[in-house]
Every structure is written in C-alpha cells, then in structure tokens.
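Keep in mind it's a predicted model, so treat the numbers as computed, not measured. Side chains included, hydrogens not; waters and symmetry mates left out as well; all remaining heavy atoms used.
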Amino acid sequence: MTALSDHAVPENPGWLYRAEAWLDDKGKGAWIAAMILGFIFFWPVGLAFLAYMIWSKRMFSKSCSRRKSWHSHMSAMKPSGNSAFDAYKSDTIARLEREQQDFEAFMRRLRDAKDKAEFDQFMDERARENNDDAENGDRA
C-alpha cells in the first residue's frame, strides 16, 4: 500500500470520516478541544479521543492535516498546460535541486574541515603535553 492510497477518500464517507476530516482541517487544536470536551461531558469519550490521537500519531506530529499538505505538494508537480511555464518551472526546480546539492556538499566540506582542524589541534596539544612530560621527566 502506498502513501497516496492510505488516505483515499471513500465513495460514500460516513459521519466518522467526515468528522475526522473536519477536525483535520481545523488542526491539532480542534482535536485537543474535542478531547477535552469529551472528558468534560463523558470521560470515556475523552479517553477514546486521546487513544485515537496517540494511535494515529496526531498528538505528536507537527500537523494533523497530512492529506492537505500531501496534495499541495503533488499539485506543484502537475503540468499547468502552458508549455512555456512548465519548461520554466522544470528548469527552476532543476536549478534549485543543483543549488541544494552544491550547498549540502559545501556544508559537508566545511564540517570535514572543521573536524580536521579540531583533530589537528588536539594532536598538537597532545604532542606538546608529551614533550613537556618528557622534558620534565628528564630533569627529575
């Protein structure tokens, strides 16, 4: 099963599916408010909301609306019908991907250089300490 088919909308959605979609559209705050109201009016309902939020990973995710964000990313990849704009968009995306790869390579080289400099400094200090210990040992 793919990520796209995990959240397919059923042909005849029931009231539970519609309620879940409505809460997802409103965000995590709506889920928390529904859980609190469930605890206030009838504690098993609040407990059921809490269990569902933990089980479906809505409690700890950044956003409840995974469906909406996935569709917005997918719509950016669809062709617009205007060939000039589609060519411009694909060139821009390719350029941005190259720039991202170049930047990541630069950051990797920068981290490697920093690590090497720190290691060289450590080895120099260690060699200096060994020389100091050897000179002090010769005098004693």
Anything under 3.5 Å between a donor and an acceptor, one on a side chain of residues 116-126, the other on a protein residue two or more places apart or in another chain? List them.
residue	atom	partner	partner atom	Å
Lys116	NZ	Asp120	OD2	3.0
Gln121	NE2	Glu125	OE2	3.3

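Glu99 pairs by the salt bridge (Lys or Arg N to Asp or Glu O under 4.0 Å) definition with Arg95, not counting sequence neighbours. Under the rule for a side chain to side chain donor-acceptor pair (under 3.5 Å), the partners of Glu104 that lie at least two apart in sequence or sit in another chain are Gln100. Residues meeting the side-chain contact (heavy atoms from CB on, under 4.5 Å) test with Phe85, sequence neighbours left out: Ser80, Asn82, Tyr88, Lys89. Residues passing the side-chain contact (heavy atoms from CB on, under 4.5 Å) test with Ala105 are Arg108, Arg109, sequence neighbours excluded. Residues passing the side-chain contact (heavy atoms from CB on, under 4.5 Å) test with Ser83, sequence neighbours excluded: none.
Leu110 belongs to a hydrophobic cluster with Phe103, Phe106, Met107, counting contacts under 4.5 Å between side-chain heavy atoms of Ile, Leu, Val, Met, Phe, Trp and Tyr, direct or through other members.
Rounded to the nearest 0.5 Å, atoms CG (Asp102) and CD (Glu97) are 12.0 Å apart.
Asp86 and Pro79 make their closest contact through OD2-CB, 3.6 Å (heavy atoms, listed as atom of the first residue, atom of the second, distance). Contact record, Gly38 with Val45: CA-CG1, 4.0 Å, taken as the closest heavy-atom pair.
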